[in-house]
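On a predicted model such as this, the values are computed, not experimentally measured, just so you know.
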Amino acid sequence: PMQTESPSTPTGTHMYTHAPQHTHMYCNPGVCLTRFVSLVSKVILSLPLSPQQIQFADQKQDFNKRLSKTGRRSHSFSQSFSQSSTDNYSSAASYTDSSEDATSPRDRQQRSSKGHQDFCIKNIRQAGSGRREIEIAEQEMPALMALRKRAEGEKPLAGAKVVGCTHITAHTAVLMETLSALGAQCHWAACNIYSTQNAAAAALAEEGFPVFAWKGESEDDFWWCIDHCVSLEAWQPNMILDDGGDLTHWIDKKYPNIFKMIKGIVEESVAGVHRLYQLSKAGRLCVPAMNVNDSVTKQKFDNLYCCRESILDGLKRLTNVMFGGKQVVVCGYGEVGKGCSAALKAMGSVVYITEVDPICALQAWYDYSVCVCVCVFLSSGNKNVVGRDYLDRMKNGCIVCNMGHSNTEIDVASLRSPELTWERVRSQVDHVIWPDGRRIILLAEGHLLNLSCSTVPTFILSITATAQALALIELYNAPEGRYNKDVYLLPKKMDEFVAGLHLPTFDAHLTELTDEQAKYLDLTKTGPFKPNYYRWGNTHTHTLTSQAYNAHIHTKSRNEHEQ
């Protein structure tokens, strides 16, 4: 309804002309439509145009004239609307920058509002947006915020210089700011060329963190960023927080003197842990390392639930494909495979599992007894799980993607051959076309799907981030001799502490053993409640070394230390 000023009302007070004040009116669609048509007719008839002039051709001509006069404004509005729509749809995971930021960040001089320059990111002007995302992430990371509040006064990481190489997202920003609040200095690079949230990186740079990462790095950019984290003048790291082992590998190869001075390494991925065990076996691991990946909280929450919630987001965001009735092959039935399979099955997909581990294969058979379980492929972290011979036999339109950290699981290199044509459909979606016209849809060029192409539940990542922070505190403050130059699992007491910090969020309360029950189980009433070799059904092969196992099971002092 039109609004007019009533003479009897104060200036600026608007009254509805068709209804008295304080009268409740309900809309009749038919009546409203009739009134609207009548009103439009009156407006048209009041225009200084004859009925013959109001013709389609004349309207088109008039429209073209108006467009030529206001074209620049309309184009600007269109760009603004398009940019806004893109940002709202893709959020921080795939932020689209303006055309003026299309040049490589390495070719631009950047400065924060506080004068800091020791960073290299996409666009420092996104700092405000990134700060809002970090504030949202803080609400979903209660355990890390609780740890920050508890230990901020003690500064358990005072003097620690942590160099990190992980996914740079809002939740990582919360972790970095927590480490800083606990006394550490942090320098950071990205462990994946696609997973960086540019806005979060900008917010960190604005706060003075040396961050070297942006979404869509080249392979050369990737190693350049890692090197700049380590080689800054007048700064030498003494702790490593890694995801995938690339940072550890780079320091070991290029800066062996720095590597020998490191007090500890914390690693959170299958690929990175595998590389640590290789270094240890070869006698080249000269510092103690903490295997966070095989901690119970990481395996049972991050690997399982995070992948279960995020895989469909990435798949649907990039492909718009309906997965009900689709035949899906999941290679590997570890915790990541379990989470992905459960999500796809819930969408109505027919799930096939491939495995080499007979225990995992048997689990898959019980969970998916109507499907086929073939002992062929290894699980996440392996190389060429899907090789060129399998890619050559895939059906037209098959979607190929990776949920493991390393991009070596799909033999993407073999697809870059002269007989195959690559066609970019949209960002991180490529058609790889065979000579006969058959094509597959490759997502993120074989890189990690969920963090590269979508978002992940921050609350689940809070569990892993808290475990990482505790592992850094433990290694940094450990007295001489507590840890040898070996790879260690996160002490069970820390696992339980991380889980316990998250329980208040759900208003959950633990029951307590009686003295008689604790004595019967040979436990203390406050834990740890399981021995360190207990895996909650985990089938991973990375376990304690025999010396560490014997120390935990048979040495009372070791058990008292963990308590």
Side-chain angles (χ1 to χ4, degrees), residues 192 244 269-274 293-294 299 302-315 318-319 321 323 326-347 349-395 397-415 430 432 440-454 537-542:
N192 185 291
S269 76
V270 173
V273 167
H274 179 63
N293 177 74
D294 287 308
Q299 284 289 320
D302 192 335
N303 289 12
L304 177 62
Y305 299 120
C306 182
C307 292
R308 191 177 72 181
E309 289 209 11
S310 61
I311 183 173
L312 291 176
D313 181 20
L315 286 170
L318 293 185
T319 66
V321 168
F323 282 88
K326 289 289 190 300
Q327 297 185 62
V328 180
V329 178
V330 177
C331 301
Y333 202 62
E335 300 305 325
V336 173
K338 288 181 175 69
C340 294
S341 300
L344 292 162
K345 181 182 179 182
M347 290 299 294
S349 299
V350 180
V351 181
Y352 296 81
I353 312 294
T354 67
E355 255 297 347
V356 295
D357 187 325
I359 298 174
C360 290
L362 189 59
Q363 286 180 316
W365 179 258
Y366 274 100
D367 291 342
Y368 298 90
S369 58
V370 298
C371 299
V372 177
C373 182
V374 185
C375 300
V376 176
F377 297 139
L378 288 173
S379 58
S380 295
N382 197 27
K383 183 178 181 180
N384 292 345
V385 176
V386 180
R388 176 61 186 270
D389 53 340
Y390 295 105
L391 293 165
D392 285 338
R393 300 204 303 269
M394 287 181 177
K395 291 183 177 180
C398 183
I399 299 170
V400 182
C401 61
N402 173 33
M403 283 292 285
H405 174 86
S406 176
N407 66 331
T408 60
E409 299 182 39
I410 302 169
D411 189 8
V412 176
S414 69
L415 297 177
D430 291 287
V432 183
I440 64 170
I441 303 170
L442 181 64
L443 306 184
E445 298 183 28
H447 289 270
L448 178 63
L449 173 70
N450 56 359
L451 279 160
S452 296
C453 308
S454 62
N538 182 18
T539 56
H540 279 68
T541 57
H542 292 148

Spacing of CD1 belonging to I311 relative to SG belonging to C401, to within rounding of 0.5 Å | 5.5 Å

If you measure from CD1 on I353 to OG on S341, what distance do you get to the nearest 0.5 Å?
-> 3.5 Å

Nearest-0.5 Å distance, CG of residue L318 to CD1 of residue I399 = 9.5 Å

Within-4.5 Å side-chain heavy-atom neighbours: L443 and T319 = yes

Do V386 and N402 come close enough that some side-chain heavy atom pair is under 4.5 Å?
-> no

For the residue pair V351 and K345, what are the closest heavy atoms and their distance?
-> CG2-N, 3.9 Å

Can you name the side-chain contact (heavy atoms from CB on, under 4.5 Å) partners of C307, sequence neighbours left out?
-> V336, C340, M403, N450

The reported gap from CZ in R393 to SG in C398 (rounded to nearest 0.5 angstrom) is 12.5 Å

Here the gap from L315 atom CG to F323 atom CZ, rounded to the nearest 0.5 Å, amounts to 4.0 Å

Of the non-hydrogen atoms in V412 and G446, which two are nearest, and what is the gap between them?
-> CG2-CA, 4.1 Å

Drop me the distance from I410's CD1 to Y390's OH, to the nearest 0.5 angstrom.
-> 14.0 Å

What are the two closest heavy atoms between S414 and D411, and how far apart are they?
-> OG-O, 2.7 Å

Of all residues at least two apart in sequence or in a different chain, which pass the salt bridge (charged side-chain N to carboxylate O under 4.0 Å, His left out) check with E445?
-> R416, R424

Where G334 and E355 come nearest, the two heavy atoms and their spacing = N-OE2, 4.1 Å

Listed by chain and number, what are the salt bridge (charged side-chain N to carboxylate O under 4.0 Å, His left out) partners of D313, not counting sequence neighbours?
-> R317

From CA spacing to verdict: side-chain contact (heavy atoms from CB on, under 4.5 Å), L312, L344 = CA-CA 7 Å; L312 291 176; L344 292 162; 3.8 Å; yes

With side chains defined as the heavy atoms from C-beta onward, is the minimum distance between I440 and L415 less than 4.5 Å?
-> yes

How about Q363 and K338: do any of their side-chain heavy atoms sit closer than 4.5 Å?
-> yes

